[in-house]
Amino acid sequence: MTPAKQAGLWLMQFLSFLLIFSGFYLLLPEVYLFKRFSERFGFITEQAWNDLFMLSVLTASVIINTLLIFTFAKMRERYRI
C-alpha cells in the first residue's frame, strides 16, 4: 500500500472516530445522566463528573469505531477479487 493510501485510510478512520465522538457528545443527555448518577451514588463534583463523562464518551467512541473498522476490514477481505 502506498504512503498516500495509508494516509488516506488513516484520515478516513480518524474522521469516522470524530463523527462518532461528536454524535455521542452532542446527543447524550448530560444533565439527565448527571442527575441520575447523583441520585444513585450521591454527591459528585462537577470536575469529577466532567472527567467521568468525557472518559465514558471517549471509551464508547473508541470501541464503536474499532468495531466499525474491523467490520469494514472483514467485509473488504471477504469480497476481495
Side-chain angles (χ1 to χ4, degrees):
M1 188 180 298
T2 66
K5 285 184 181 179
Q6 288 178 350
L9 186 60
W10 180 88
L11 185 60
M12 294 277 290
Q13 292 168 352
F14 175 73
L15 290 176
S16 71
F17 169 77
L18 191 62
L19 184 69
I20 293 167
F21 174 79
S22 298
F24 272 141
Y25 198 77
L26 293 173
L27 299 177
L28 280 176
E30 185 178 0
V31 175
Y32 171 76
L33 293 172
F34 176 74
K35 287 179 183 176
R36 295 280 300 178
F37 190 86
S38 295
E39 289 171 1
R40 184 168 184 148
F41 297 107
F43 178 76
I44 184 170
T45 64
E46 186 177 343
Q47 183 61 43
W49 170 253
N50 287 338
D51 293 344
L52 180 65
F53 184 72
M54 184 59 73
L55 178 64
S56 301
V57 170
L58 281 170
T59 302
S61 299
V62 166
I63 290 170
I64 290 176
N65 195 45
T66 301
L67 292 172
L68 181 70
I69 292 168
F70 178 78
T71 302
F72 277 108
K74 283 301 243 183
M75 287 173 50
R76 187 173 179 214
E77 179 183 272
R78 178 179 289 177
Y79 297 113
R80 181 171 283 177
I81 296 175

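Numbering of residues begins at 1 and proceeds along the displayed sequence.
With a 4.5 Å cut-off on side-chain heavy atoms, Phe34 and Ile44 count as touching. Inter-residue side-chain proximity for Asn65 and Phe21 is flagged as unmet; no heavy-atom pair is nearer than 4.5 Å. Residues Lys74 and Glu77 are in side-chain contact: their nearest non-hydrogen atoms beyond the backbone lie under 4.5 Å apart.
Hydrophobic clustering (side-chain heavy atoms under 4.5 Å, transitive across Ile, Leu, Val, Met, Phe, Trp, Tyr) keeps Val62 apart from Met12. Residues Ile20 and Leu9 do not share a hydrophobic cluster, defined by chaining ILVMFWY side chains whose heavy atoms lie under 4.5 Å apart. Leu58 and Leu28 fall within the same hydrophobic cluster, defined by Ile, Leu, Val, Met, Phe, Trp and Tyr side-chain heavy atoms under 4.5 Å apart, directly or through other members. Cluster membership for Leu11 and Leu18, using ILVMFWY side-chain heavy atoms within less than 4.5 angstrom, is shared. Hydrophobic clustering, with ILVMFWY side chains joined whenever heavy atoms are under 4.5 angstrom apart, keeps Val57 apart from Leu19.
Atom CD of residue Glu46 and atom CZ of residue Phe53 lie 12.5 Å apart, to the nearest 0.5 angstrom. Leu52 CG to Thr45 OG1: the interatomic distance, rounded to the nearest 0.5 Å, is 10.5 Å. Atom OH of residue Tyr25 and atom CD of residue Glu30 lie 5.5 Å apart, to the nearest 0.5 angstrom.
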- Item | Worked verdict on Asp51 versus Gln47 for side-chain contact (heavy atoms from CB on, under 4.5 Å) | CA-CA 6 Å; Asp51 293 344; Gln47 183 61 43; 3.0 Å; yes

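Between Phe37 and Trp49, the two ring planes are tilted [angle within 30° to 60°]. Between Phe14 and Trp10, the ring-plane angle classifies as parallel under the 30° and 60° cut-offs.
Although no hydrogens or angles enter the test, the distance criterion places a donor-acceptor pair under 3.5 Å between the side chain of Ser16 and the main chain of Gln13.
Closest approach of Ser61 to Phe17, counting heavy atoms only: CB-CE1, 3.5 Å.
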